[in-house]
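All residue numbers in this chain count up from 1 along the given sequence. Being a predicted model, the structure only gives us computed values, none of them experimental. Counting starts at 1 for both ligands and their atoms, following the listed order. Note: hydrogens, waters and symmetry copies are ignored here, and every other heavy atom, side chains too, is used.
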Amino acid sequence: MTKYHIAWMPGDGIGRDVLEAAEIVLDCLALDAEYVTADIGWEFWCQEGDPLPQRTLDTLGSTDCALFGAITSKPRDAAEAELAPGLRGQGRVYRSPIVRMRQELDLYTCLRPCRAFAGNPLNYREDIDIVVFRENTEGMYIGVEYSQVPELFYDVPGMERIPRDASISLRAITHRASERIVRRAFEYARQHSRRRVTAVHKANVLRHTDSVFLKAARTVAAEFPGIAYDEANIDAMGMWLLKNPLDYDVVVTTNLFGDIMSDLCAQMVGGLGFACSGNIGDNYAVFEPTHGSAPKYAGQYRANPIATILAVRMMLEWLGERQMAEHLERAVAEVIAEGSIRTYDMGGKASTLDIARAVAERV
Ligand code: NAI
Ligand code: MG
């Protein structure tokens with residue numbers, strides 16, 4: 001009996017290159033796992049009209065967690081044009097398989113660790129070590145939008161100032177979702193001996209929604225007296241992050257602010273080649289590099305696989321293989337610090353698989 005069953009989703013473009021790198025590293029770690037390949041991405045949209053076929057959802061339902069590479073997605077018109085001729089005109093609408101995965105599996109935490117590895121020439125500053133918790137299911141991303149003001153809003157106070165042809169997006173924040181994401185952030189802080197959690201908001205403008213978020217955050221914070229808690233406005237946070245990045249530790253926020261802030265933090269520690277993420281629910285998680293399929297590099301093994309290898313590290317920790325996770329992180333740190341094997345983004349000529357082999361040798 002294998003201990004773990006892991007869904008293996010390379011996806012499109014460089015997603016496949018970087019998952020090959022992950023395979024080299026996992027083979028070397030000898031994780032007691034069986035990998036079940038699952039279909040996701042553009043190819044399946046074109047052939048079947050669904051980038052996340054039901055059989056893939058079934059595989060996710062019967063495994064412990066998933067490792068995902070990246071997918072290609074295109075705007076609506078281009079998507080329709082590339083559908084297999086027999087499937088066109090059937091009213092199929094392309095929907096992001098990533099967003100769908102998050103919703104269908106209730107992967108409500110988006111966890112983005114951003115650590116500056118010593119010796120990385122792309123670091124904004126050494127010693128940055130920020131962990132972003134982004135709420136992954138609601139906020140501005142509920143998908144409720146109107147191309148013009150709907151009639152039922154005509155009498156809503158404040159709407160008299162809004163032209164009728166304005167497009168409208170709704171933002172939904174619940175106490176339940178706020179409470180659970182903040183709780184995950186504090187639990188993480190406690191488990192990892194972190195000193196501080198910062199809740200990021202814009203409550204002075206988004207009075208109702210962000211009051212709900214802040215109230216939940218304060219309630220949870222009171223349960224963790226050993227961990228400092230503070231709050232910051234999203235705009236000021238952008239400024240302070242660039243000015244004093246070492247002041248920040250664990251950061252928790254709503255969906256859109258988290259999306260933006262996690263990319264800002266990722267760029268400070270090396271950018272897309274280093275940015276890993278976990279989409280985590282109560283019983284399932286999908287780990288991935290945050291970059292896309294970079295079609296121009298597909299199959300060329302030029303992509304930096306470190307983001308993916310760090311996603312593997314997150315997966316190991318989530319599975320409870322903490323020691324294995326630590327060994328892997330140390331091996332990555334050594335390869336970066338040594339500096340002789342680097343992909344193009346770090347100014348080197350090494351291939352995706354060269355980096356994976358170098359990490360594997362040091363595990
Ligand atoms: P992208 O992340 O694929 O690539 C942008 C550029 O960043 C690349 O051209 C490359 O120069 C660099 N880059 C990305 N990953 C890298 C790595 N591992 N090492 C070194 N350099 C790297 O974003 P882009 O070009 O906007 O989108 C390409 C496709 O990917 C689109 O179809 C987009 O919809 C999709 N996408 C998918 C995501 C996902 O699967 N999670 C996330 C973002 C975009
Ligand atoms: Mg993003």
Which atom names give the shortest non-hydrogen contact between I14 and A303, and what distance separates them? CD1-CB, 3.7 Å

Mark yes or no: R313 above the aromatic ring of F287, with NZ or CZ under 6.0 Å from the six-membered ring centre and no more than 45 degrees from the axis. no

So which of W42, F274, Y344, F68 gets nearest to atom 22 (C) of ligand 1, if we judge by its closest heavy atom? Y344

of all protein heavy atoms, closest to atom 37 (C) of ligand 1 is I71 O, 3.0 Å

Evaluate S293 for polar contact with ligand 1, using N/O atom pairs at a separation under 3.5 Å. yes

Starting from atom 18 (N) of ligand 1, find the nearest protein heavy-atom neighbour and note its residue, name and distance. N304 O, 3.0 Å

State which residue, out of N279, T63, D64, fulfils the side-chain contact (heavy atoms from CB on, under 4.5 Å) condition with Y284. T63

Contact atoms of ligand 1, heavy-atom distance to T290 under 4.0 Å: 42 (C)

Show which atoms of ligand 1 fall inside a sub-4.0 Å distance from at least one heavy-atom site of A70. 40 (O)

Return the closest protein heavy atom for atom 38 (C) of ligand 1 as residue, atom name and distance. G292 CA, 3.4 Å

Below 4.0 angstrom from a heavy atom of A294, which ligand 1 atoms are there? Numbered from 1 as shown, please. 3 (O), 4 (O), 8 (C), 28 (C)

No-hydrogen, no-angle side-chain donor-acceptor test under 3.5 Å, E20 and Y301: yes

Atoms in ligand 1 with a heavy atom of K296 nearer than 4.0 Å: 9 (O)

Any Lys/Arg nitrogen of E288 or R102 sitting under 4.0 Å from an Asp/Glu carboxylate oxygen of the other? yes

Indicate, as side chain, backbone, both or neither, the part of I98 found under 4.0 angstrom from ligand 1 when only non-hydrogen atoms are considered. side chain

K74 near ligand 1, heavy-atom distance under 4.0 Å? no

Hey, which atoms in ligand 1 end up nearer than 4.0 Å to a heavy atom of E288? 41 (N)

Among all protein non-hydrogen atoms, which one is nearest to atom 7 (O) of ligand 1, and what is the separation to 0.1 Å? L272 CD1, 3.4 Å

Within 4.0 Å of some non-hydrogen atom of Y297, the atoms of ligand 1 are 10 (C), 11 (O)

Check each heavy atom of I14 against ligand 1 and say whether those closer than 4.0 Å belong to the side chain, the backbone, both or neither. side chain

Note: L87 and E48 closest approach over all heavy atoms is CD1-C, 3.4 Å

Are E187 and R183 ion-paired here, with the side-chain N under 4.0 Å from a carboxylate O? no

Compute the shortest N/O to N/O distance between P295 and ligand 1 and return yes if it is under 3.5 Å, no if not. no

Should the pair R134 and F257 be classed as cation-pi, given the thresholds of under 6.0 Å to the six-membered ring centre and 45° from the axis? no

Expected output: side-chain R88 to main-chain A81 donor-acceptor under 3.5 Å: yes

If we ignore hydrogens and angles and just use 3.5 Å, is the side chain of N255 paired with the main-chain N or O of G139 as donor and acceptor? no

Considering all protein heavy atoms, does one lie under 4.0 Å from atom 40 (O) of ligand 1? yes

With ring centroids as reference points, do F274 and F117 lie under 6.0 angstrom apart? no

Within the structure, does at least one protein heavy atom fall under 4.0 Å of atom 26 (O) of ligand 1? no

Does any N or O atom in S73 lie less than 3.5 angstrom from one in ligand 1, N or O only? yes

Mind jotting down which residue pairs meet the salt bridge (charged side-chain N to carboxylate O under 4.0 Å, His left out) criterion with at least one end in residues 270-285? Sequence neighbours excluded, please. R184-D282

